[in-house]
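Each ligand, and each atom within it, is numbered from 1 in the order the structure gives. Along the sequence shown, the residues carry numbers beginning at 1. All heavy atoms count here, side chains included; hydrogens, waters and symmetry mates do not.
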Amino acid sequence: MCGIIAILGKSAVATALVDALKRLEYRGYDSAGVATLEDGVLTRVRAEGKLRNLEARLAEHPLHGHVGIGHTRWATHGRPTEINAHPHATGRVAVVHNGIIENFRELRDALARDGAVFHTQTDTEVVALLVDHALERGLSPVEAVCETLPRLKGAFALAFLFAGEEDLLIGARQGAPLAIGFGDGENYLGSDALALAPFTDRIAYLEDGDWAVLSRSAVTVYDAGNREVTRPVSLIPAGTLLADKGNYSHFMAKEIHEQPEVVGRTVAHYVDLATGTVRLPEEVAIDFAAIDRLAIAACGTAYYAGIIAKYWFEQLARLPVEIDVASEFRYREPPLTGRGLALFISQSGETADTLASLRYAKAAGWPALAVVNVATSTIARESDVVAPTLAGPEIGVASTKAFTCQLAVLLALAIHAGRVRGVLSAQEEQELVDALVGVPSHMTKVLARETQVEQVARDLAKARDVLYLGRGLSYALALEGALKLKELSYIHAEGYAAGELKHGPIALIDEAMPVIVLAPRDKVFEKTVSNVQEVAARGGRIILIGDAHAAGEAGLAGETAVVMPEVHPAVVPLLYALPVQLLSYHTARVMGKDVDQPRNLAKSVTVE
Ligand code: F6R
């Protein structure tokens with residue numbers, strides 16, 4: 001959840017540390033800090049809030065050290081204050097940390113009994129103190145870290161810097177990602193390859209339990225049993241990782257507009273455009289005819305993609321599907337018996353609850369399939385089969401292009417499953433594939449109507465509460481619309497299955513409550529229309545998203561806020577996702593909110 005960078009450089013590293021932190025800000029941004037050795041002395045500069053505050057501090061107090069560590073934080077233990085910002089340090093050691101030390105209270109009590117004084121509310125400080133006490137007893141830095149790591153419980157990544165040690169960094173990984181970058185006469189540690197991209201394209205990922213000792217000329221990796229091990233070094237070209245906003249004012253806008261391209265690329269990866277059939281890449285080897293059950297687990301927007309996939313797999317392949325948010329799945333101990341397949345969906349591939357669910361399913365003996373955007377992520381590496389989404393790096397905190405790429409992959413898989421399970425005829429497969437292949441060009445048309453959405457957003461920005469309604473495949477999209485709106489604009493929004501309205505939420509309807517209705521022309525269109533009329537009859541303000549005739553048929557001529565193309569009902573979620581994303585984007589923008597970095601959120605949720 002936080003971002004870590006560490007550099008053993010040939011010249012002053014502070015600027016490079018901050019630049020790397022900028023690329024890691026998607027992991028958290030409520031405070032940041034760096035530490036370097038100034039003539040052998042550990043010296044820190046930290047600041048509450050965004051990285052620009054840290055840069056301002058560094059302008060006042062420049063650091064000149066050639067070795068250093070940096071951190072951008074998403075608070076777990078302790079408020080996001082400067083005192084709680086990383087690095088945490090004693091006179092002998094400084095540490096940056098991502099994740100949670102689960103037994104920190106126990107460790108803190110033990111340290112307190114030995115007379116330790118705590119200056120922060122963080123779990124990280126115990127790590128600094130444990131290492132410091134070992135150093136005080138005369139252990140070397142390597143021995144001190146080696147002694148401390150087995151005492152820590154939880155999922156974390158750590159990087160250490162030591163007073164007087166100009167040619168030493170130590171990193172450790174237990175459940176949270178940490179990569180080593182190999183440079184020329186320089187070496188690095190970082191939370192991901194994106195942070196390291198400007199420095200080097202030679203990257204090795206630590207495995208769980210690994211710890212690494214770095215100098216400028218050598219890197220030694222040890223496993224949890226302190227045996228020296230080799231981890232493969234991959235060449236990861238910077239061009240595949242670096243991201244910038246291009247001509248857009250926000251990453252989110254850029255990523256929304258990239259969808260025709262990245263969804264097209266993803267679709268092309270799974271279908272044979274020439275024959276109009278699904279052709280899974282060789283590595284996506286799943287026998288859907290051999291299974292009788294699918295269990296899906298994911299979080300947030302990826303979970304909503306999972307709900308849509310449930311409808312697809314059940315309708316197109318007659319495959320029974322159960323779905324959970326991953327934080328429930330991992331603890332409810334679902335009996336995974338019979339011939340099942342577990343499916344995990346994640347943009348980052350690092351979401352702690354999704355990863356734990358994957359491990360649960362594998363331990364129960366079910367094969368794990370992951371639909372993942374970050375190909376080098378832990379979820380991708382631990383799954384039996386990876387079906388990649390080719391969305392490219394998603395930097396905006398709110399998931400947009402990753403979501404529609406997930407939908408593209410999931411629909412391709414469901415069509416394939418339908419075919420091999422004998423549910424879909426060749427003709428039906430072709431119709432569905434044609435509809436999927438046609439999505440990118442329809443997306444371009446929808447994006448061209450952005451000004452319609454902007455107008456609605458100006459009105460929506462004045463609302464205190466908003467209801468989102470949808471049925472069938474649009475139900476999960478209503479949930480997604482409400483999530484997007486609340487996370488970006490902080491307007492309270494609820495997504496409901498349209499048929500549920502009269503079972504409670506209808507009581508909320510008055511003139512002040514905008515009700516956004518997703519009304520594609522599908523088999524439940526008539527039912528949705530009746531729900532729209534129920535809202536209209538009670539004076540509700542309806543914002544209809546449907547095709548050109550939807551408003552007329554709903555008795556609301558002229559009230560369609562966003563006119564959508566008529567498409568095959570199966571691909572509706574891929575297209576209707578766009579006005580849903582644009583509505584939340586423009587509402588937040590009109591309200592002056594920080595669209596790319598909404599408060600309290602982080603892009604990669606590596607804590608549970
Ligand atoms: C919302 C959003 C989150 C993520 C969720 C899962 O816009 O982005 O709800 O979808 O945190 O993240 P991943 O897909 O990385 O597992």
- prompt: Does an N or O anywhere in Glu487 fall below 3.5 Å from an N or O of ligand 1?
  reply: yes

Ligand-side contact atoms (ligand 1) for residue partner Ala398, heavy atom cut-off under 4.0 Å: 7 (O)

- prompt: Should the ring pair Tyr360 and Phe329 be called parallel, tilted or perpendicular, given that the plane angle runs from 0 to 90° and is split at 30 and 60?
  reply: perpendicular

query: At the 4.0 Å heavy-atom cut-off, does Thr400 count as touching ligand 1?
result: no

statement: The residue among Glu480, Gln259, Glu255 that forms side chain to side chain donor-acceptor pair (under 3.5 Å) with Gln581 is Gln259

query: Does some non-hydrogen atom of Lys484 fall short of 4.0 Å from ligand 1?
result: yes

Got a list of side-chain donor-acceptor pairs under 3.5 Å for residues 443-450, not counting sequence neighbours?
{"from": "Thr444", "atom 1": "OG1", "to": "Pro440", "atom 2": "O", "distance (Å)": "3.0"}
{"from": "Lys445", "atom 1": "NZ", "to": "His442", "atom 2": "ND1", "distance (Å)": "3.1"}
{"from": "Arg449", "atom 1": "NH1", "to": "Val563", "atom 2": "O", "distance (Å)": "2.5"}
{"from": "Glu450", "atom 1": "OE1", "to": "His257", "atom 2": "NE2", "distance (Å)": "2.8"}
{"from": "Glu450", "atom 1": "OE2", "to": "His586", "atom 2": "NE2", "distance (Å)": "2.7"}

Report all side-chain donor-acceptor pairs from residues 368-376 shorter than 3.5 Å, counting only partners two or more places apart or in another chain.
{"from": "Asn373", "atom 1": "OD1", "to": "Thr389", "atom 2": "OG1", "distance (Å)": "3.1"}
{"from": "Asn373", "atom 1": "OD1", "to": "Ala391", "atom 2": "N", "distance (Å)": "3.1"}
{"from": "Asn373", "atom 1": "ND2", "to": "Gln347", "atom 2": "OE1", "distance (Å)": "3.0"}
{"from": "Asn373", "atom 1": "ND2", "to": "Gly392", "atom 2": "O", "distance (Å)": "2.9"}
{"from": "Thr376", "atom 1": "OG1", "to": "Tyr205", "atom 2": "OH", "distance (Å)": "3.3"}

message: Which of the numbered atoms in ligand 1 are under 4.0 angstrom from any heavy atom belonging to Ser348?
response: 13 (P), 15 (O), 16 (O)

query: Roughly how far, to the nearest 0.5 Å, is the CG atom of Leu21 from the CD1 atom of Ile5?
result: 7.0 Å

message: Does any N or O of ligand 1 fall below 3.5 Å from an N or O anywhere on Thr301, backbone included?
response: yes

query: Against heavy atoms of Val397, which atoms of ligand 1 measure under 4.0 Å?
result: 8 (O)

- prompt: What do the steps show when you test Arg359 against Glu382 for salt bridge (charged side-chain N to carboxylate O under 4.0 Å, His left out), and what is the final call?
  reply: CA-CA 8 Å; Arg359 289 176 177 161; Glu382 292 197 16; 2.6 Å; yes

- prompt: Under 4.0 Å from any heavy atom of Gln347, which atoms of ligand 1 are there?
  reply: 13 (P), 14 (O), 15 (O), 16 (O)

- request: Begin from the C-alpha positions of Glu25 and Lys50 and carry the test salt bridge (charged side-chain N to carboxylate O under 4.0 Å, His left out) through to its verdict.
  value: CA-CA 9 Å; Glu25 254 190 315; Lys50 297 274 172 71; 5.9 Å; no

task: Report the part of Asn373 (side chain from C-beta onward, or backbone N, CA, C, O) that has a heavy atom under 4.0 Å from ligand 1; answer both or neither where that applies.
output: neither

query: Any ion pair linking Glu261 and Lys401 (charged N to carboxylate O, less than 4.0 Å)?
result: no

message: Looking at non-hydrogen atoms alone, which of Ala302, Ala298, Ser399 comes nearest to atom 8 (O) of ligand 1?
response: Ser399

- line: re atom 12 (O) of ligand 1, the protein heavy-atom contact at minimum distance is Thr351 OG1, 3.5 Å

task: From atom 6 (C) of ligand 1, work out which of Cys299, Ser377, Gly300 has a heavy atom at the shortest distance.
output: Cys299

- line: When distances are taken from atom 11 (O) of ligand 1, the protein heavy atom at minimum range is Val605 CG2, 4.0 Å

statement: Test side chain to side chain contact (heavy atoms under 4.5 Å, CB included), reference Trp312, set Leu473, Leu413, Leu319, output is Leu473

